Novice: 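This structure is in structure tokens; I'll ask about it shortly.
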Amino acid sequence: MSTRTTEAENASPAPAPSNGRPASPKKTKAKKSSRQAAANGTATADEPATASANDHVAAPPKSDENWKLLRKKIESHSHKSPAKDVFGKSAIGGTVYRWGVATASGSPIDPVRMSLSQLACDQKPIRRRSTRPLDLVSATTEMIAQLDHGDMSALSCHDAVIWAGAMPQLIQQLEPVLWWELLGSLQRFRELVLQSHSPDSHAHLIVGAELGLTLAWRLAELPSCKRAQKSAIESFAQWCDHEEDAIPNALADATTARLILGSIMRCQALLKTTAKKKFQKSWHAVGDEMATWVAALTTHRGTSAFSRLGRGDVKDDLGKTGLLEHAIAFDPETLRPATEAALGLGHTGGRLAWEVCLPESFVHSDGAKLAVMLPEWDVRRGRTHLHYAGEHNQLEIFAGRTQIVAGQVQTSIEINGAEQAASGDWELICEYTDDEVHYIEIEQDWTGGVVLQRQLMLIRSDRSLMLADGVLPKNRQASESLSQKIRYSTRIPFASGVSPELEKETREVYLCAGQHAAVVIPLSASEWRIGPTTTKLSASEDEHLVWSAEGTGAMYVPLWFDLQRRRFKRKRTWRQLTVADERRICEQHEAAGFRVQVGSEQWLVYRSLGDRRCRTVLGKHLIADFFAAKFDQGEGIYDELVTVDDAEDGDEPAAS
């Protein structure tokens, strides 16, 4: 393959492709002549003076001698400023460039990314499981096609960074034309992001900021790459300045949170060591918030929420050179005990969060529609993850270290025999948290003139979780809405290795993973299997908990998860309660009340489905949309857990 490329070939504009990628811009006049550049020992005389959207990318040198000189300078610079000096021990083995990659891809690190990460850290690729050499030419060609296609996913953006970091090593292994073509694609990819993506996008951070900083560091001998440093610093500052939207966008896919945090930390190192730029307090605060989210999403296996990987697959995120250890540096006093408690390496001993400097145990982003509900940071207490961005909720429930629910919660509704469908996104109605309870309520519009409302209430000290759905008419004043027949069904997926065990005489279902991990109680169903009931709870052959009910006008169907094993052998019972309104018994479409008892512990749940009125349930007078309490038998009083009061139509429901 020839190492010479004519000036005309470099300057020729390309037609605009159908995928919307800008055409290669026209050649601009060089700042210096070839003769002047040669006199100064510069091998890239044809590069433009400024890096703008209309500049062409770095041009190949015109002679073998200039190419050899350029290659020597790039190699010399990589020796003077190696990855280990920038990233420290995390550069050993290329670990720093694999932070969060497995979780984002959903699979173990592939050979190409493994080899490129090692090259990006100035090390020869080591393929322990194969003696077959990596075909870098094919991999480079595929990467060029990926860049030119304009894939802006977080993982594809990170791929661009890895390849940019490996450029000094690739210059030894690729033909000059292919190396220059790769560099050109990287630069065009970055320009496309800067032109088309808002400052709060993950692409603006990873490509606009980190890719620019990486090119400026790794290829400082090329003026067009060196100039990228200034715009990269501006891109990073802009992303941090837009944190109110940038962080929710980063969390929109929870499995990419580690990848984006890794980019922030690499930018921090690059700014400090290569740009000599102080990391501002506001930038540090953004990193701290992302690190807290990553810690909250970390399970005891070291994996992330909503990920099916094992501990060995995410080993680059663990250990002394891993992502989690380095993230602790944003706030060691808070993040170290939180991370260790989440991993099961330490525990809070039942103390309140403020006593051990732990973050809040309820972490919620309305923008990302992501919530993490922890009884405590101690992994032995369990946890619940909810992602409600799509049509169906993604839900994970842990009973201690045992995951019992994992996957997509699918709901179907029929109105008067006609199948309905979701007609809108899930929206937050209300949230509340204190030392006793975490509570979140969301709703989704459906066809057929109904709305589906979903509540998750985690009683922290009692280690109980209530998942409840309400199907209500949008127009509660319409007389025809009170007569419509409703059929409701929800499928809740079991986690891997979990099997159901149905009680023989009553309607509870045990969830087992070697031993009993949870008891699920359908509060709106009759307790005994003998006799009629409007609610049924069963297990399907495809490993789902199937929860179905029928009603008229409106309905409320709560499930109670008892996650405390010491209570499993105690006697338990539950009842649907009578709700009275001015000495009149309420219809089921107006309000519902329930009592659940395990041993000496009792809880009360009340839900209004109609107008806001004063009602009585189990001797308690209420004017509330929702009320939950624990009954203190010794004192004979109700210890309120949460009250949601929808005071006036159009107001946001307030919880207390």
Side-chain angles (χ1 to χ4, degrees), residues 384-386 388 391-397 399 403-415 419-422 426 440-444 446 450-458 464-472 485-495 498-503 506-512 516-529 531-552 554-563 572 574-576 588-589 592-594 596 603 605 607 609 626 628:
T384 300
H385 308 136
L386 172 67
Y388 57 98
E391 178 183 348
H392 303 291
N393 294 170
Q394 294 288 334
L395 181 65
E396 294 184 340
I397 302 174
Q403 189 175 27
I404 57 172
V405 169
Q408 193 175 79
V409 178
Q410 297 177 322
T411 298
S412 62
I413 298 174
E414 291 182 11
I415 304 295
E419 186 74 27
Q420 306 301 316
W426 287 96
I440 185 169
E441 185 172 350
I442 56 179
E443 74 173 15
Q444 182 184 46
W446 280 61
V450 297
V451 61
L452 174 62
Q453 293 184 344
R454 178 162 292 163
Q455 300 164 298
L456 275 85
M457 179 180 67
L458 178 64
S464 297
L465 173 72
M466 189 188 76
L467 170 63
D469 278 357
V471 182
L472 292 80
K485 303 294 184 182
I486 303 172
R487 295 188 65 183
Y488 160 94
S489 179
T490 287
R491 290 163 47 83
I492 303 174
F494 299 137
V498 172
S499 60
E501 180 183 311
L502 279 63
E503 277 279 16
T506 54
R507 298 186 186 275
E508 305 105 304
V509 175
Y510 283 104
L511 301 185
C512 308
H516 291 169
V519 180
V520 188
I521 304 173
L523 297 186
S524 55
S526 299
E527 180 176 359
W528 301 96
R529 290 193 176 276
T533 183
T534 58
T535 302
K536 295 180 181 179
L537 183 65
S538 60
S540 66
E541 293 183 356
D542 60 349
E543 300 180 335
H544 282 71
L545 198 63
V546 181
W547 174 30
S548 59
E550 298 180 1
T552 303
M555 63 191 311
Y556 183 64
V557 281
L559 277 185
W560 188 274
F561 290 79
D562 190 345
L563 310 174
R572 57 183 172 272
W574 71 93
R575 292 288 184 274
Q576 184 161 355
Q588 290 190 2
H589 67 263
F594 304 92
V596 55
W603 298 268
V605 174
R607 178 72 157 89
L609 301 174
F626 175 75

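Everything numeric here is computed off the predicted structure, so don't read it as measured data.
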Novice: Rounded to the nearest 0.5 Å, how far does CD1 of I397 lie from CG of L458?
Specialist: 9.5 Å
Novice: V405 pairs by side chain to side chain contact (heavy atoms under 4.5 Å, CB included) with which of L467, V498, I492?
Specialist: I492
Novice: Taking all heavy atoms of A406 and all of E396, pick out the closest pair and write down the distance.
Specialist: CA-CG, 4.2 Å
Novice: Within the side chain of T533, is there an N or O that forms a donor-acceptor pair under 3.5 Å with the backbone of T535?
Specialist: yes
Novice: Give, for atom NZ of K536 and atom OG of S526, the distance between the pair rounded to the nearest 0.5 Å.
Specialist: 11.0 Å
Novice: Count the heavy atoms of every other residue, nucleotide or ligand shown that sit under 6.0 Å from CD of Q588, and state whether that count exceeds 12.
Specialist: no
Novice: Kindly indicate whether the side chain of W603, heavy atoms from C-beta on, has any atom under 4.5 Å from the side chain of W560.
Specialist: yes
Novice: Applying the side chain to side chain contact (heavy atoms under 4.5 Å, CB included) test to V471, which of I486, V451, T411 qualifies?
Specialist: I486
Novice: Is the shortest side-chain heavy-atom distance between L502 and R529 below 4.5 Å?
Specialist: yes
Novice: How many angstroms lie between CD1 in I404 and SG in C512, if you round to the nearest 0.5 Å?
Specialist: 10.5 Å
Novice: Backbone N or O of W528 within a donor-acceptor pair of the R507 side chain at under 3.5 Å?
Specialist: yes
Novice: Under 4.5 Å between any side-chain heavy atoms of S524 and F594, yes or no?
Specialist: yes
Novice: Can a salt bridge be assigned to the pair D562 and R572 using a cut-off of 4.0 Å between side-chain N and carboxylate O?
Specialist: no
Novice: Would D542 and R491 satisfy side chain to side chain contact (heavy atoms under 4.5 Å, CB included), going step by step from the backbone distance to the final call?
Specialist: CA-CA 10 Å; D542 60 349; R491 290 163 47 83; 2.5 Å; yes
Novice: Just verifying a value: how many Å separate S540 OG and L545 CG, rounded to the nearest 0.5 Å?
Specialist: 8.5 Å
Novice: Rounded to the nearest 0.5 Å, what separation is found between the NE2 atom of H392 and the CD atom of Q410?
Specialist: 5.0 Å
Novice: Do E508 and I521 have side chains that approach each other closer than 4.5 Å (heavy atoms only, starting at C-beta)?
Specialist: yes
Novice: Would you please name every residue forming a side chain to side chain donor-acceptor pair (under 3.5 Å) with E543, sequence neighbours left out?
Specialist: none
Novice: Are any of the side-chain heavy atoms of L395 and T384 separated by less than 4.5 Å?
Specialist: yes
Novice: What is the minimum heavy-atom distance between E503 and Y510, and which atoms define it?
Specialist: OE2-CE1, 3.4 Å
Novice: So, do Q444 and E391 sit near enough that their side-chain heavy atoms are less than 4.5 Å apart?
Specialist: yes
Novice: Y488 and W547: aromatic ring centres closer than 6.0 Å?
Specialist: yes
Novice: For the residue pair N393 and I442, establish whether any side-chain heavy-atom pair is separated by less than 4.5 Å.
Specialist: yes
Novice: Would you please test W426 and L452 for side chain to side chain contact (heavy atoms under 4.5 Å, CB included) and show each step?
Specialist: CA-CA 9 Å; W426 287 96; L452 174 62; 3.6 Å; yes
Novice: Is the shortest side-chain heavy-atom distance between R454 and V409 below 4.5 Å?
Specialist: yes
Novice: Under the rule for side chain to side chain contact (heavy atoms under 4.5 Å, CB included), what residues qualify as partners of A554, not counting sequence neighbours?
Specialist: P473, H589, L609
Novice: In chain order, what residues pass the side chain to side chain contact (heavy atoms under 4.5 Å, CB included) check against E550, with sequence neighbours excluded?
Specialist: R487
Novice: Look at the side chain of W574 and the backbone N and O of A525, then say whether any donor-acceptor pair between them is shorter than 3.5 Å.
Specialist: yes
Novice: Taking all non-hydrogen atoms of both residues, which atom of A539 and which atom of P500 are closest, and how far apart?
Specialist: CB-CG, 3.4 Å
Novice: At what distance, to the nearest 0.5 angstrom, does CE of M457 lie from CD1 of I440?
Specialist: 14.0 Å
